[in-house]
Amino acid sequence: YALVALAEPTRTLGAEALVKLQAGEVALVATHTYVHATEIDPVSGRRESQALTPANQSGIVVMWEREGVGRAGLETYITGRQRLDDNPYRHESPAYVYLGAMAERRIGGKLRVFLNAENLADRRQTRFDALVRPARRYDGRWTVNAWAPLEGRVVNGGIRWVF
């Protein structure tokens with residue numbers, strides 16, 4: 001193995017937009033991020049998009065909140081395609097959607113009860129391809145790089161005591 005510097009630097013440029021709209025107790029926040037990142041492939045010498053860096057990511061969050069009572073919200077995030085590096089199953093990932101929801105209720109002055117749910121669409125990398133390679137890689141790794149959620153739906157809840 002040899003540790004070498006690339007012949008040319010990685011180039012990254014991008015932009016982010018965020019819009020928030022408020023109507024009484026309801027707020028909507030929309031975001032979009034664009035990233036154009038490239039690097040020199042050490043084998044081919046060509047400039048390629050940087051692996052595991054989606055060019056586009058967007059999100060929309062809708063939240064209702066009443067002071068002293070509680071709040072509830074829904075979130076949707078879309079992650080665009082991204083180039084995969086040394087993946088035996090595919091060279092580019094598909095885009096995927098990530099959904100979440102949360103609710104919190106205030107009880108009395110000091111107690112809050114909450115419920116949070118993430119990845120409601122149950123998107124995970126193993127729904128597209130296996131994580132384990134057909135054969136061990138030259139560096140000993142058996143698994144591919146993560147490019148999507150690895151866990152399925154996650155639901156948690158609890159109480160908060162404010163003092």
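Keep in mind the model is a prediction, meaning the values are calculated, not measured.
- Looking only at side-chain heavy atoms (C-beta outward), Arg66 and Arg71 stay at 4.5 Å or farther from each other.
- With hydrogens and angles disregarded, a donor-acceptor distance shorter than 3.5 Å links the side chain of Asn119 to the backbone of Arg123.
- Residues Leu28 and Ile60 are in side-chain contact: their nearest non-hydrogen atoms beyond the backbone lie under 4.5 Å apart.
- Looking at Gln125, its side chain does come within 3.5 Å of a backbone N or O of Trp147 through a donor-acceptor pair.
- In this structure, Leu150 is not a member of the same hydrophobic cluster as Val97, with clusters built from ILVMFWY side-chain heavy atoms closer than 4.5 Å.
- Heavy-atom neighbours of Gln22 CD from other residues, nucleotides or ligands within 6.0 Å: above the threshold of 12.
- Not counting sequence neighbours, the partners of Leu74 by the side-chain contact (heavy atoms from CB on, under 4.5 Å) test are Ala101.
- Using a 4.5 Å heavy-atom threshold, the side chains of Val162 and Arg112 count as touching.
- Going from atom CZ of Arg83 over to atom CD of Glu48 covers 4.5 Å, rounded to the nearest 0.5 Å.
- The closest side-chain heavy-atom distance from Glu39 to Glu8 is not below 4.5 Å.
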Stepwise, does the side-chain hydrogen bond (donor to acceptor under 3.5 Å, both in side chains) test hold for Tyr98 with Glu75?
CA-CA 8 Å; Tyr98 189 91; Glu75 59 185 2; over 6 Å; no
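- Taken from OG1 in Thr76 to CG in Leu99, the straight-line distance is 5.0 Å, to the nearest 0.5 Å.
- Hydrophobic clustering (side-chain heavy atoms under 4.5 Å, transitive across Ile, Leu, Val, Met, Phe, Trp, Tyr) groups Val113 together with Phe163.
- Following chains of ILVMFWY side-chain contacts shorter than 4.5 Å, one can reach Val62 starting from Leu21, so the two form part of one hydrophobic cluster.
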Stepwise side-chain contact (heavy atoms from CB on, under 4.5 Å) test for Glu16 and His32
CA-CA 6 Å; Glu16 183 176 21; His32 181 78; over 6 Å; no
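- Here CZ of Arg124 is found 10.5 Å from CG of Leu131. Values are rounded to the nearest 0.5 Å.
- With Thr53 contributing its side chain and Ala51 its backbone, the two residues share a donor-acceptor pair below 3.5 Å.
- In summary, the side chains of Thr38 and Arg11 do not present any donor paired with an acceptor at a separation below 3.5 Å, with no hydrogens or angles considered.
- The minimum heavy-atom distance linking Pro134 with Tyr89 is given by the pair CD-OH, 3.4 Å.
- Taking 4.5 Å as the limit, every side-chain heavy atom of Leu84 sits out of range of all side-chain heavy atoms of His91.
- A continuous path of Ile, Leu, Val, Met, Phe, Trp and Tyr side chains, each step under 4.5 Å between heavy atoms, connects Trp161 with Ile159, placing both in one hydrophobic cluster.
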Using side-chain contact (heavy atoms from CB on, under 4.5 Å), reason through Leu52 and Asp85 one step at a time and then give a plain yes or no.
CA-CA 7 Å; Leu52 303 174; Asp85 195 20; 5.6 Å; no
Output, in order, the C-alpha distance, side-chain angles, deciding distance and verdict of side-chain contact (heavy atoms from CB on, under 4.5 Å) for Arg90 and Asp129.
CA-CA 9 Å; Arg90 63 179 68 232; Asp129 301 309; 2.5 Å; yes
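- When all heavy atoms of Lys20 and Ala27 are compared, the pair lying nearest together is CE-CB, 4.3 Å.
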Under the side-chain contact (heavy atoms from CB on, under 4.5 Å) criterion, do Met102 and Met63 qualify, and how do the steps go?
CA-CA 9 Å; Met102 65 80 61; Met63 180 71 75; 3.9 Å; yes
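- Panel note: side chain Arg153, backbone Leu120; a donor-acceptor pair is recorded below 3.5 Å.
- Counting heavy atoms from C-beta outward, Ser58 and Tyr77 have side chains that stay 4.5 Å or more apart.
- The closest side-chain heavy-atom distance from Val35 to Pro54 is not below 4.5 Å.
- Annotation: cation-pi pair Arg105/Phe114 absent, no NZ/CZ under 6.0 Å from the ring centroid and within 45° of its normal.
- Considering all non-hydrogen atoms of both residues, Gly70 and Trp64 come closest at O-CZ3, 3.6 Å.
- Atom CZ of residue Arg81 and atom OG of residue Ser49 lie 10.0 Å apart, to the nearest 0.5 angstrom.
- Taking the side chain as every heavy atom from C-beta outward, Asp86 and Arg133 approach each other to under 4.5 Å.
- Heavy atoms only, all atoms of each residue included: Ser93 and Gly80 are closest at OG-O, 4.3 Å.
- Closest heavy-atom contact between Val144 and Pro88: CG1-CD, 3.7 Å.
- Rounding to the nearest 0.5 Å gives a distance of 8.0 Å between CD of Glu151 and CD of Glu118.
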